[in-house]
There are 2 protein chains.
Amino acid sequence: MDGKIVNLRSKLEIYKAGSGGGNLADCPVRDVIQGISNKWSSLLMEALAEKPYRFGELRRLVPDISQRMLTQTLHDLQRDGYVHREVFPTKPPSVEYSLTDLGRSMFGPLHQLIQWAELNHGAVREARKVFDAAEG
Amino acid sequence: MDGKIVNLRSKLEIYKAGSGGGNLADCPVRDVIQGISNKWSSLLMEALAEKPYRFGELRRLVPDISQRMLTQTLHDLQRDGYVHREVFPTKPPSVEYSLTDLGRSMFGPLHQLIQWAELNHGAVREARKVFDAAEG
DNA sequence: AGTGCTGGTCTCTTTTTGAGACTAACATAT
DNA sequence: ATATGTTAGTCTCAAAAAGAGACCAGCACT
């Protein structure tokens, strides 16, 4: 019965959940989603899901990210608890980035979305072509 | 057997899929993911998954989006084939936005991610608190 | 004649991102 | 001994994107 209520609940309620007044603006779900909805997060998560990487390896793996944005995105992913950063006292020092348990947990659904993109990028590209042709 | 090969394939390969030289830079999957990895797309998809909305309704539903970004995000979602835009010849004219089949298809995995965020935003917020306390 | 509603566009300012030089400490090559 | 490369960044400045808010046309209602 409670389950029924949950099912009937408007999907938007999930976005509002936890913000008493039904206010979308300061919503914890948005807060979390926006942390991973940026240009580089999903790509770096995808890389680190494969195996841990060092800073320079990631830079070579993703050649069109700037060093500045790589630093910053990794920092943000670490702050949100998805990524673990470990410094090894080699000379010169090396830093390894790996997914935490929380990161692996989040990567599950993220990977579903990436797989959808793999299967459907043809449809999306076709839609764009049609749209661009129609408006000029 | 083919399934085994797919399973063994590096996860990053999905991101590279289709770009012959293994080049991540112009990859169709990135192209699609970046179309929905921006500040407002997932929120508007969530709203339109509930039911079709008119422009002004969306604006009131998401009070902190600027009119300019609402126009632009809806335009981009329409271009990628997720959203249908229909103009009704009322006075003044009204415009209704709704999900297409492709949009509903994409919303499946997206919604999984949003649900993850709902379940885990506590952990993320806690991680941020710990991180911020540790570095000052 | 004035006001309001519609779904936008235009301009200006602030924020975010990108490109690239610069750092320090050590290893290796010349 | 001196030059060069490696590491993981930071710093500065330019370019792009986003936000704030004025403005628009067409019509209804008062």
Side-chain angles (χ1 to χ4, degrees), chain A residues 23-27 30-31 33-44 47-48 52-80 83-98 131 134-136, chain B residues 23-27 30-31 33-44 47-48 52-80 83-98 131 134-136:
Chain A
N23 174 9
L24 274 175
D26 48 353
C27 155
R30 266 178 80 177
D31 189 35
I33 292 292
Q34 295 200 348
I36 55 186
S37 292
N38 57 57
K39 190 164 179 181
W40 302 108
S41 293
S42 61
L43 182 51
L44 293 179
L48 294 175
Y53 277 106
R54 291 177 47 192
F55 186 89
E57 291 177 318
L58 286 171
R59 209 157 80 82
R60 284 185 289 276
L61 200 60
V62 186
D64 58 339
I65 195 175
S66 67
Q67 212 162 351
R68 189 181 156 285
M69 286 313 293
L70 181 54
T71 303
Q72 186 179 309
T73 305
L74 287 170
H75 176 272
D76 293 349
L77 289 174
Q78 187 195 353
R79 188 173 101 99
D80 282 6
V83 161
H84 172 70
R85 176 180 186 271
E86 188 159 9
V87 182
F88 293 98
T90 57
K91 309 284 174 74
S94 58
V95 180
E96 188 182 86
Y97 293 91
S98 55
F131 185 89
E135 53 146 38
Chain B
N23 174 7
L24 274 175
D26 49 354
C27 154
R30 266 177 81 176
D31 189 33
I33 291 293
Q34 295 200 349
I36 54 187
S37 292
N38 57 56
K39 190 164 180 182
W40 301 109
S41 293
S42 61
L43 182 51
L44 292 179
L48 294 174
Y53 277 105
R54 291 177 48 190
F55 186 88
E57 291 176 318
L58 287 171
R59 207 157 81 82
R60 284 186 289 275
L61 201 59
V62 187
D64 58 339
I65 194 175
S66 68
Q67 209 161 352
R68 188 180 157 284
M69 286 314 294
L70 180 56
T71 303
Q72 185 180 309
T73 306
L74 287 169
H75 176 273
D76 293 349
L77 290 175
Q78 187 194 354
R79 190 173 100 99
D80 282 6
V83 160
H84 173 70
R85 176 179 186 270
E86 188 158 9
V87 182
F88 293 99
T90 56
K91 309 286 171 76
S94 58
V95 180
E96 188 182 86
Y97 293 91
S98 55
F131 185 89
E135 52 144 38

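Quick note on labels: first sequence line is chain A, next is B, and so on, each numbered from 1.
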Novice: Just the rounded figure in Å: distance from C1' of D:dT6 to CZ of A:F55.
Specialist: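 Distance check: A:F55 CZ to D:dT6 C1' gives 14 Å.
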Novice: D:dA18 P sits how many Å from B:Q72 CD, rounded?
Specialist: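 Between P of D:dA18 and CD of B:Q72: 6 Å.
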Novice: Report yes or no: is there a donor-acceptor pair, N or O only, under 3.5 Å between the side chain of B:R68 and the base of D:dA18?
Specialist: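 Side chain to base: pair present.
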Novice: Counting only pairs under 3.5 Å, give me each side-chain donor-acceptor contact of residues 35-43 of chain B, with atom names and distances, residues two or more places apart or in other chains.
Specialist:
residue: B:S37; atom: OG; partner: B:I33; partner atom: O; Å: 2.9
residue: B:N38; atom: OD1; partner: B:W40; partner atom: N; Å: 3.4
residue: B:N38; atom: OD1; partner: B:S41; partner atom: N; Å: 3.1
residue: B:N38; atom: OD1; partner: B:S41; partner atom: OG; Å: 2.6
residue: B:N38; atom: ND2; partner: B:G35; partner atom: O; Å: 3.2
residue: B:N38; atom: ND2; partner: B:S41; partner atom: OG; Å: 3.1
residue: B:S42; atom: OG; partner: A:Y15; partner atom: OH; Å: 3.0

Novice: Could you grab the distance from atom CZ of A:R54 to atom OH of A:Y97, nearest 0.5 Å is fine?
Specialist: 11.0 Å
Novice: Between OH of B:Y53 and CZ of B:R60, what distance do you get to the nearest 0.5 Å?
Specialist: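 So the OH of B:Y53 and the CZ of B:R60 are separated by 11.0 Å.
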Novice: What is the distance, to the nearest angstrom, from the CG atom on B:D64 to the P atom on D:dA18?
Specialist: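 Distance, rounded to whole Å: 15 Å.
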Novice: How would you label the contact of B:R54 with the nucleic acid (heavy atoms, under 4.0 Å): base, sugar-phosphate, or nothing?
Specialist: sugar-phosphate
Novice: Nearest to the side chain of A:Y97, which nucleotide is it out of D:dG9, D:dC27, D:dT7?
Specialist: D:dG9
Novice: Report the distance from atom CH2 of B:W40 to atom P of D:dA18, rounded to the nearest whole Å.
Specialist: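 Distance check: B:W40 CH2 to D:dA18 P gives 11 Å.
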Novice: By the 4.0 Å heavy-atom rule, please label B:Q67 as base, sugar-phosphate, or nothing.
Specialist: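 Since a base atom lies under 4.0 Å of B:Q67, the category is base.
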Novice: When you list every nucleotide of DNA chain C with an atom under 4.0 Å from a heavy atom of chain B, which one comes first 5' to 3', and which comes last?
Specialist: C:dC5 to C:dT11
Novice: Could you pick out which residue, B:R85 or A:P92, lies toward the 5' side of DNA chain C when each is mapped onto its nearest nucleotide?
Specialist: B:R85
Novice: Given atom CG of A:L70 and atom C1' of D:dC11, what is their separation to the nearest angstrom?
Specialist: 17 Å
Novice: Distance from A:H75 atom NE2 to A:Q78 atom CD, nearest 0.5 Å?
Specialist: 6.5 Å
Novice: Looking only at the side chain of B:S66 (C-beta and beyond, no hydrogens), which of the listed nucleotides D:dG19, D:dT7, D:dG9 gets closest?
Specialist: D:dG19
Novice: What's the spacing between B:T71 OG1 and B:R59 CZ if we round to 0.5 Å?
Specialist: 9.5 Å
Novice: With rounding to the nearest 0.5 Å, note down the distance linking CG in B:L48 to CG in B:L74.
Specialist: 6.5 Å
Novice: Between D:dC29 atom P and B:K91 atom NZ, what is the distance in whole Å?
Specialist: 12 Å
Novice: Please report, rounded to the nearest Å, how far the P atom of D:dA8 is from the CD atom of A:E86.
Specialist: 14 Å
Novice: What is the distance, to the nearest angstrom, from the CD atom on A:E57 to the C1' atom on D:dT7?
Specialist: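 A:E57 atom CD is separated from D:dT7 atom C1' by 12 Å.
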Novice: Under 4.0 Å between a side-chain N/O of B:K39 and OP1 or OP2 of D:dG19, yes or no?
Specialist: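 Yes, within the criterion.
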Novice: Hey, what do you get for CE (A:M69) to CG (A:D64), rounding to the nearest 0.5 Å?
Specialist: 12.0 Å
